[in-house]
2 protein chains.
Amino acid sequence: MDRPLETRELVHFLAVADELHFSRAAARLGIAQPALSKTIQKLERRLGAALFERNSRTVTLTPAGQVLAREARHALDAVDAAARRTRRADASDPHLILAMKAGGDAGLLPAILAACDREPSSLPVRVIFHTDRVRLLRDGRADAALLYSPAEDLSGLDTEPLLTEPLMAVLPASHPLAARASLRTADLRDENVHGRRGPSTGPEAGSLTELLQLVALGQTVAVVPRFVTTPLRHDLASVPVTDAQPVTLLLAWPAHSTSPAVAALARAAGAASPGGEAAGAT
Amino acid sequence: MDRPLETRELVHFLAVADELHFSRAAARLGIAQPALSKTIQKLERRLGAALFERNSRTVTLTPAGQVLAREARHALDAVDAAARRTRRADASDPHLILAMKAGGDAGLLPAILAACDREPSSLPVRVIFHTDRVRLLRDGRADAALLYSPAEDLSGLDTEPLLTEPLMAVLPASHPLAARASLRTADLRDENVHGRRGPSTGPEAGSLTELLQLVALGQTVAVVPRFVTTPLRHDLASVPVTDAQPVTLLLAWPAHSTSPAVAALARAAGAASPGGEAAGAT
DNA sequence: GTCGATCCATGCCGTCAGGTTATCGATCGC
DNA sequence: GCGATCGATAACCTGACGGCATGGATCGAC
């Protein structure tokens, strides 16, 4: 009994781990509940560890179960990525997929794509817009992405820094703080700040445009990297936040990638950007 | 037909990819050859891509197959790691496993372990000796490892640098170059150098002791980080190689690790080492 | 306390995926 | 051309996985 866990077992396990409810999880998987119970029992026997605490009324993850939940997601991402990258390697029109947030390229993208075009062994680049770009990289839906550090978790990715710029507070033009030459984090203590890490208390903003709309309405204050603030709506003002850690825009790709086309894109990005001499590693 | 690939399919595929021979691969898997043929055909149908070119006399990987070979190994490592880490999370004597090469700790290990002991939420550390420490990290057999940069591939790992030291050439004491105060790479051009990257032409050395034995016998010259050269056998001499990139000893762990015990070990390692303020990233 | 509802576990059964053996067809060395 | 080699195909078999019915435990309502 030392063969590897099967993908199906991990999928079933994660359904229960998400729902903490066997019947609902079974419904989500499109199977009956007893089949699911049996898969989990088999998994537990195979691993020699209890994964769930069943109190006949509630289901909770054991510590071992929590570990498996994280690891299983990672493993399934890798399996999905394997399938997707293989399919794409066989595609009749080979190309790279670059994931980014709309407007999040600091204006560098045209130069990067032009430079990439001139690289040997480059491929056409197709751009897709998505919020969760890191996930796209991890499960193989994208080959590269424009990310922000330190806002995003870069583990498992290789990176090429493109540009480092300070954070700016974006305020209604009429806001008392809008006239200031600079701000400190403490100055915004009483504001309903959007755009920092962690959940915000204010309304949700899906895109930058929506966020700025909310700022204009006086419902929130945004703190964002400078390169997304130009040009700015005329009813808004931006002020640098001097004691916040600056944000680096970077190109990222899966660390174990060996694609020459991705390497070409990285070279092009490094060459076409202001911060273009240092190579990010590991 | 959009469910994830199964682990078994990837294992079967990799067997063929390794052997490039269906019958041998089947034997290795302990199954009959027709079953393997069918699994591969099914995989190819599922992915919509040919993985092997069968010329009725030879089997070769297609480009898509090469991609899958790399990705499948990655995915299987992740699956294995999931199982191992889950089992270990449930172990009755919780502990961390630190992988290193014997003698490769630059004498820092006792201080690190002592400091770790004093950290909150630390765990006892069990040390194992192994050459391929990166692989142990990737498939979950170790929680942390002492590695050398730039000699090893750190992608997908988080790191804490401990110490940076120059490379030393280790020669027989009687060697003409042994009296020099320093060397350049070019000085060793005519020697049979061991210990650099890439395959060496000389005899194989499994451990440092074996390598130094070979040097003493005059069969090779070693180029190794300084911290593995103290103390040195009295019949050997070491000379710094000034134009070789220095080697950094670092503590590494899986990038997506969330174990508090690993974090404690990393903090301890940073605090107990000379280069202990900068945190490695990604 | 009893009853009903909820929810996971168990028992039993059917089906098909994945295995087996036998054999074919193509290719290569001699 | 002949035998050897090797992957694909055909026909069949078995057990793992999933379905249904039901059991047993717990909790809330009254």
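First the proteins, then the strands, lettered A, B, ... as listed; each starts at 1.
- In this structure, A:F22 places its CZ atom 18 Å from P of D:dA25, rounding to the nearest Å.
- If you check D:dG19, D:dC17, C:dG19 against the side chain of A:I31, the one that comes closest is D:dG19.
- Among the heavy atoms of the strands lying under 4.0 Å from B:A32 is at least one base atom, whether or not backbone atoms are also near.
- Between B:S23 and the phosphate of D:dC6, there is no side-chain N or O to OP1/OP2 separation shorter than 4.0 Å.
- The shortest distance between the side-chain N/O atoms of B:T39 and the OP1/OP2 oxygens of C:dG19 is below 4.0 Å.
- Here the straight-line distance linking atom NZ of B:K38 with atom CD1 of B:I31 works out to 10.5 Å at 0.5 Å rounding.
- Of the inter-residue distances, the one linking B:L147 atom CG with B:L251 atom CG reads 8.0 Å to the nearest 0.5 angstrom.
- Residue B:R8 places none of its side-chain N or O atoms closer than 4.0 Å to OP1 or OP2 of D:dA16.
- Using a 4.0 Å cut-off, some side-chain N or O of B:S37 falls inside it from OP1 or OP2 of D:dA8.
- Protein atom CZ of B:R3 is 14 Å distant from nucleotide atom P of C:dC16, rounded to whole Å.
- Rounded to an integer number of Å, the gap from A:E53 CD to C:dC7 P is 18 Å.
- Taking 4.0 angstrom as the limit, A:Q41 places a side-chain polar atom (N or O) nearer than this to OP1 or OP2 of C:dT10.
- In terms of polar N and O atoms assigned as donor or acceptor, the side chain of B:Q33 comes within less than 3.5 Å of the base of D:dA8 in a complementary pairing.
- A straight line from CZ of B:R45 to C1' of C:dA17 spans 12 Å, rounded to a whole angstrom.
- Not one side-chain nitrogen or oxygen of A:R54 sits closer than 4.0 Å to the OP1 or OP2 atom of D:dA25.
- Atom-to-atom, NE2 of B:H12 to C1' of C:dA17 comes out at 12 Å; the value is rounded to the nearest Å.
- Residues A:E6 and B:V59 both approach DNA chain D. Their nearest nucleotides, taken by heavy-atom distance, put B:V59 toward the 5′ side.
- Between B:L29 atom CG and C:dG18 atom C1' the separation is 13 Å, expressed in whole Å.
- Ionic pairing of A:R135 and A:D77 is present here: one or more N-O contacts between side-chain nitrogen and carboxylate oxygen are shorter than 4.0 angstrom.
- When the C1' atom of C:dA5 is taken as reference, atom NE2 of A:H21 falls 12 Å away, rounded to whole Å.
- Relative to the side chain of A:P34, the nucleotides D:dA16, C:dA9, D:dA8 differ in distance, and C:dA9 lies closest.
- When the C1' atom of C:dC7 is taken as reference, atom CD1 of A:I40 falls 15 Å away, rounded to whole Å.
- Between A:E6 and B:R8 there is no salt bridge, since none of the side-chain N atoms of the basic residue sits less than 4.0 Å from a carboxylate O of the acidic one.
- For C:dT20, neither phosphate oxygen OP1 nor OP2 lies less than 4.0 angstrom from any side-chain nitrogen or oxygen of B:K38.
- At least one test fails for A:R54 against the ring of A:F22: distance under 6.0 Å to the centre or angle within 45° of the axis.
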